[in-house]
Structure formats: structure tokens, C-alpha cells
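Everything numeric here is computed off the predicted structure, so don't read it as measured data. Chain letters run A, B, ... following the sequence lines, proteins first, then strands; residues in each count from 1.
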Amino acid sequence: MDERYFPDQVETEVQQFWEQNGSFRVAEDPDKEKFYCLSMFPYPSGRLHMGHVRNYTIGDVISRYQRMRGKNVLQPMGWDAFGLPAENAAIQNQVPAAKWTYENIDYMRTQLKRMGFAYDWHREIATCHPEYYRWEQWLLTRLFEKGLMYKRMAEVNWDPVEQTVLANEQVDSEGRGWRSGALVERREIPHWFLKITDYAEELLDEIDNLDGWPDEVRKMQRDWIGRSEGLEVDFSVEGSDSPLRIYTTRPDTLFGVTFMAVAAAHPLALEAAKDNFELARFIDECRRGGTSEAALETMEKRGMRIARNAVNPLNGEAVPIFAANYVLMSYGTGAIMGVPGHDFRDHDFARENSLEIREVVAPADGSEIDVQQEAFVSYDIVTVNSGDFSGLSFKDAFDRLGEWVEARGIGTRTVRYRLRDWGISRQRYWGCPVPMIHCERCGEVPVPESDLPVVLPEDVAHVGHGSPLTRMPEFLNTTCPACGGKAQRETDTLDTFVESSWYYARFACARNDQSMLDERADYWLPVDQYVGGIEHAVLHLLYARFFHKLMRDAGLIQSDEPFKNLLTQGMVVAETFYREKNGKTTYFAPADVEMSHDAKGKVTGAKLNTDGKPVEVGRVEKMSKSKNNGVDPQAMIDRYGADTVRLYMMFTSPPDQKLEWSDAAVEGAFRFLKKLWKLVHAHVREKTPPTIDTDALDDAQQTLRRKIHETIAKVSDDVGRRYTFNTAIAAVMELVNALAKSDDASPAGRALMQEGLDAVVLLLAPIVPHTSHVLWRELGHESAIIDERWPVAEEAAMERDAIDLVVQVNGKLRGHIQVSKSADRKTIETEALENPNVQRFVEGKAIRKLIVVPGKLVNVVV
RNA sequence: GCCGGGAUGGCGGAACUGGUAGACGCGCCAGACUCAAAAUCUGGUGGGGGCAACCUCGUGAGAGUUCGAGUCUCUCUCCCGGCACCA
């Protein structure tokens, strides 16, 4: 064994060992408890970034730990390979999207292998392969036949200059297109939808059962689905036969309606605009800007009167109708009732338009409010100024008004969801073709199973904008499967969230070319541990849950939910460095900047290496191209090896918090591995120690042995239950420090060193698998460490005779005492009061109370 | 705007169930080794006071509950994630 630690050498050797032994290839084994650990698969953008490295290290540590616990562990990897960046690269560099994607996959695969992740590569999936997406197309045709997929109009961002549809990301905060700079318009085009709303209730109810998920993710999903109970009510419109239907969750405020608002695109508004030029112009202006909810909610609320009134059915009052930019045709009924006294947005709108603000509910506790100043929105109310419905609680008002409108046939009590059906159409090229055919005679016809897959042509020319599929007659023209006549293929492709909604199931039988899934899916599913970024808390995770139920109801699998346990990891962030010149900001890479410190280590400034002149130290932000603050993991791996990068990632913060990059701290992780290596080297240089005689240890040896077993217990709990790998590593570091300090050369001392180092190497095996593999062999073991069992702490070794207690006076720490493990309360109290420093603070004062917290502290209240 | 999360030394973080604030690591300071540097090793390191024992202040701001609050409650500030076409 060399005294020095050469990570490259170690890692190459160990990775070869795994490769040659097929160490991570798994098959179904009914005799073993299975454990399916999955990390969210990457988009093949070109190179692994730090977020990937963090994500996959967490998943790998959990996988390796579970393997050491004796489980049959599946950990697969694949590529979320369709998407916008490939198309952008294709247009920019004139390189086919397919070629760009496959080359990226090849490079990133070597990077993942270099990190030593324990993947079963035989199950690798790329979603852009027809072998993968054919099954997705197959399922969609089934869903169409079941009525779960349908077509209707939907709004998109339309760039009037580029004549193309833009993603929300491509529209800036001012509502302009990212390349053209033109004001974007909302435009309606036909779209395919999946009926996720049919599953709203089940998706909501089952959140209660997801106890392995973080609470915040469950909260966000509940809110996203947004179940509400309310009342639909018809307001008649003067001079019209068709009433205006609205939905409200606050029927108790119906008597406070002083206006109505409809979407600018509402038929009522459009009709009124015919002979009102100003209104027509307003409606036109309302179409400007992006479609994202954030854009709609933050824009200035504007409205214009329509020359008609609506009539409140409760009190027969006529109220003005407005066309408003904040009411959307595609949400709800496209019309709302305005109650300025009891809704913030309506309050703002009423003030701007000088409308009446009326108080119709008052605080149940009788306190004073002034709705002219601020809307009162509490549910803890009593109705006032509401005719026969005055004096009621929220619930009573809700029930009585519900009965009232239902009896008259002008409304119904309704349960509604905020969740909307999932629009899956994209007017883009690099995606899975929607397996539908449009026939003039037969309408929308699904592609028959025998004609699947509809293969996306990979060799295409990207000229200008929009999808090249629409300009390819050989793709476009086909025959109708129903009548045999001329027909056209759908040229829209699918939202890439569709592919990522079921890949976790396909890993169970990735090479099956006969069916989408088979019985192996039921062996492996649900995923026992899913690991990925918190940014997926709602969309991806909700769509995957939805797809799981779709596949269940198609008879493909039996479980109800895809992911048993979920770990959401935080972002990787880093400092930014910049200079401002003529109002333009230039960012500099952290690698090119040197920091200066004062005598206490506080940062005093930074300068650029190339010109030696100062740069500004900016905020800590998510690593990104635009801020130039990314650190390439590859450079770190080349310099320190995969184990150091893995150790650093896991040590520097808990997985669910953000991770702030620091070059210096990576150096620290490397130092620790070197130290451990040297410690093992120094130990194995001597002859093999005898087996330990635990009854013959002196006090110091017993203390060290207790430390060994306490560390095993702590690390097992931190890794297995808490997922706080940072504290697990800190505990191992403490143990290594204790072992390094021990200079006990006696046989028992040497035996203890062996026991301690064995434990350290086993506990670190999931985190630094290469180094552990080699050190385990050096410590005299024949087996490969990946086949070893996780160590178990010995209770007897952890027993203590005496415990340390803290003594407080009035809650302030004043002394420490040591008492026997079996000491009773009386003895503890006496000991505590005899402590000299405690006496100083108690002297001359009356003891009011003595609080003894067993095993922890004594608090003397004087 | 709505939903969710966060804020603790110079820095990353620890304190798990309301019970010793700052584990572990980085950085910094001092020393050893060295011609010198790097590497390595030893010691110190929240602010203020004190020769010391110790005292005192201190967990984004303000209030509250409690014998005791980083932890619970309320109000606020700032930062981050998501908002349905980035993935």
C-alpha cells in the first residue's frame, strides 16, 4: 500500500472491478426485499452540471446504503431527451437536433460513469428513441378512445414578428418575445388535452397517504389542485336572453355585488364592441402580453364598461358590467361577480372605477371594520345588509342561499378544482409526434396500433422558425385509418412532461419490445426513493402521479401511486463577480477571480486574475450561464477525483437545502480522505492485531470503543432515517480525529484501531465508494465492500456509568455536574445545589422551583 | 399577485421532541518542520469585559407564551423556488 492517496488510480481500478463483475446489474428476486431508488433523469444539455452531480450523489448514497442493508436495489439512469434546447441549438448551429442530443448523451454518460454511480446501465432509456415513445403513443390512442384525450382551443403566446408560438420562458417580464422584442399576443389555436381533472379528486385525496413526501410538496400539490366548494349563480342580463353565470366561493357576500366583470374575449364584450370603437380597441389591447399566470396576476388591472347591466337575482338590483383584462375566458365561466367590500382585487377595481363599496358581512366577534378603507375577507363572519339572509354565519348563509337559488333553477352548489386539464400539444419539432390523424370526413382518428410508432423524422432541415414537420409532405400526408381516404397527420408534438411521466415504470422492463410494461413493473413499483429538485414539486410530480393512475386503469400496473418516498434537493448556488461599465454588467467566472481577506478572514475584496484589477462581489445565485458563476464539475473531478467531489457535496449542506459552492471546502474534503488514507496505511504497516477482548479494556480504551459504536449508531440514524448526510460525515470525522489521536500501541489498542477503521470505512462506503473499496481490502478483508453488511452498534459498548448534567439558575447556564446513571431526583438536586458557581447565584434567594429534566439538566428557579 | 420555503460566527453549516447556541469543515491567527515555499503537524478562533475563575451581549426585525425559545404563536423585512409551453 502506498502511503499517498492517488484518487485517479484508485477510482479507475475500482470502476473496472464493478464493470467486470457486473456489480450493479439487477434482476427480480422474490426472496429479497426490493428497493427501487430513482434520481430524476437529466435533460442532455451537453455537460453534467453541479445540480446533476448533487442529485445523483444523493441517490447513489441511498442506493448503496440500502444494498448494504441487504436489499435488492435497482438504480437506473436515462435521458429526458426531447425538448426546446435541442431545437434552439439546431437553429443556431445548423446541426440536427437528434445528432446534437445523441452526442450530448454519449458525453454525459462517460461523466456519470466517471462519478462511479451504481447504475444498471442495461436499462438505459432515451425518451427520443422510437422504442421508448412508441408506447407513449400507444397509450395515448387508448386514452383517446376512452375519452380521456380531446381537442379544443387554447391560448398560446404568439410572436407577431417571428410568426411563431413562444414558450413562457421566451417571453420577458414586459411581455416581449426574447428574440424579436415584439409585444407578444395571446392567440387561440387548437390543442390536445388530457383530462387530468377527471382524476382531481383521487389526486387530492391520496396526498394524505403520501407520508414519505415532504410536507411542503404535499401542501403545494393540494393548493395546485385547489378544491373549492361554491355556488354557481345566473345573473340575468338586461336586454338579453342568455344569463351571465358566475361561480363564487363566497355566496354569503352576494348582496354586496356592485359590478360584474367578464373576460375581454367574452361573447358579451365582443358583441358590445361591434358598435363601440373604444371598447374594441381596449379588447384588442387586452390580448397583449404573455399567458403565464404570474404575468396575468401582476399586470395592472384595467376594465371598461359595457353598455349593459346585469341583475342580481337576490335583490333585483341592476349592476354595471365591465370587460376586464384580469378575467380570463379559459378559466371558469369567463365572468366574475364583483364584491369590493370583501375581496381585495375587487376593492382595487372599485376604487379605480368609482364603484360603490358595500358591507354585507361583519366580524362574528362584533369588532368594527371599515370596508371603504380595506376589504374584509374573513370567514368568521355574520351577514348584514342582506335582506332575509342577514344574521347568518358563513356556513348557514352558504346553505340557505344554495337552497334558494337551486329552488328557483338559477344556480347550483358545486365543487370545483383549480386544476385545469393538461394541454399536451406543442407546435415544435423535437418531440414525440401526437399519434393522431385528421380526416375531412371522419374527424380526429387515432393511428392504429399496427402503424405505431409514428416515427419523428430525424434528418430535417431547420429553416426559419416553426416546426419543419409542417413543411414535410412525406410526413404530413397519409390515409385515414377509418375510411381509407386522403388525410393529414397531426404535426404537433407532445409536451416533454409526457415522457417524464412514466419513465420510472419503463425502467422495470426497458428492453421489452412487446408491451409498454410487464409483470416486472409490479415487482419494482412503486419507486421506494425518488430524488430530485424542489422545482418539480408540482408539475412533474403531479403529472407522474396522474400517469400512474392512467396506467393502472389501463391494467398495466396495480399500485396507486408511483413514488413512496420523495427527497427534494436544494439548488447549487455560487458567488457572482461583476463589473459595471456604461450601464452594462459583465460577469466573471469564479475560477478567474481571487479574493482578499482581512486578519479575521472576512472578505474585503476581489480582483480579476487576468488584469489584477478589482471586481465587485455580487449576490450568491443559482449557477447559470447568464451570471457566469457555474463551476464545471468535470474540472473538480479531474483535479480531486469523484470521491472528493461526492464527499464535499454530501458534507457541505443537508440535501434539501441550497448548496453554496466553495473551492476551498472541496480542498478540505480531499484533505480528509488523504488523512484517512494515511491513518489506514500507518495501521496496516504493522502486523495484524489480535481479536479484541472487550472485558479487558482500560478506561481510555472503553471511551474510544464507546465513540466507535456511538458513531455507528449516529451515522446509521442520520443516513437511514434522517437523510442528513452532512451530520453523518461530521460524526465519522470526529471518530477519525479520535482514532488519529490515539497512540495506544498495546495489542488491545491495535485491535481497537482495527475495529474503528473497519467501522469508518464501512460507514463511508456509500459516500466514497472507490476509496472505501480499496481501504477495505487493505484492512485485510477478502470481500468486496459493496457486498458487506452495514455495521450494527453494540449496545454494551455504548453504556455509561456517569452522566453529565447541566445546571441552570433561572434558565441561565451556571455549572456542570456529573451524577451516576442510577442517581435519583433527590441526589441530583443536592448535587446541583452544591455546585459552587450555582451557589453564588442562589445564595440569599428563595428557591421557588426545581426543574429536573432526566439525562439533560436541572433548572433552579429563584 | 397567489402557493411553498429560508434567514444562526468571517464562510458552509450543527443544535433531531421547547432544555449546554456555534458540533464538523472552510477561512483566518500563532507556532513546529523547511534555505524558502508548498504540503503536513500542534494550538487558538462569535462580540465586549476580566490576570483568572468567570461575567455579559448574541440565532433577520419587533412583540408574545414559558422556569427555559434558534426551535412555539403573531406582525414585519429581505432572499429563494413554483405558477400550467424551460426542464
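Listed nucleotides C67(B), C24(B), A15(B) differ in distance to Val861(A); the shortest reach to its side chain belongs to C67(B). Candidate nucleotides A87(B), G13(B), C54(B) were compared by shortest atom distance to the side chain of Thr496(A), and A87(B) ranks first. Closest approach to the Ser292(A) side chain among G12(B), A23(B), A84(B) is made by A84(B) (side chain taken as heavy atoms from C-beta onward). Set against A84(B), G19(B), A87(B), the side chain of Trp224(A) has A84(B) as its closest nucleotide. Of the candidate nucleotides C16(B), G4(B), A14(B), C16(B) has the atom lying nearest to any side-chain atom of Asp717(A). You'll find that the side chain of Met220(A) is closest to C3(B), out of G1(B), C3(B), C24(B). Closest to the Lys812(A) side chain, of the nucleotides U20(B), A84(B), C57(B), is C57(B).
Contact between the side-chain N/O atoms of Lys714(A) and the OP1/OP2 oxygens of C16(B) is not found at any separation under 4.0 Å. Phosphate proximity of U56(B) to Arg814(A): present, with a side-chain N or O under 4.0 Å from OP1 or OP2. Residue Arg671(A) has a polar side-chain atom (N or O) positioned under 4.0 Å from OP1 or OP2 of C26(B).
The interatomic distance linking Phe725(A) (CZ) with G13(B) (P) rounds to 16 Å, in whole Å. Summarising the geometry, the separation between CD on Glu216(A) and C1' on G4(B) is reported as 7 Å, rounded to the nearest angstrom. Spacing between atom CD of Gln657(A) and atom P of A15(B) amounts to 10 Å, rounded to whole angstrom units.
Residue-to-nucleotide contacts include a donor-acceptor pair under 3.5 Å from the side chain of Arg721(A) to the base of C16(B).
Taking atom P on both nucleotides, G4(B) is separated from C11(B) by 30 Å, rounded to a whole Å.
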ask   = Between Tyr132(A) and Tyr503(A), is a ring-ring contact (aromatic ring centres under 6.0 Å, His included) present by the stated rule, with each step listed?
value = CA-CA 9 Å; Tyr132(A) 180 80; Tyr503(A) 77 110; 8.0 Å; no

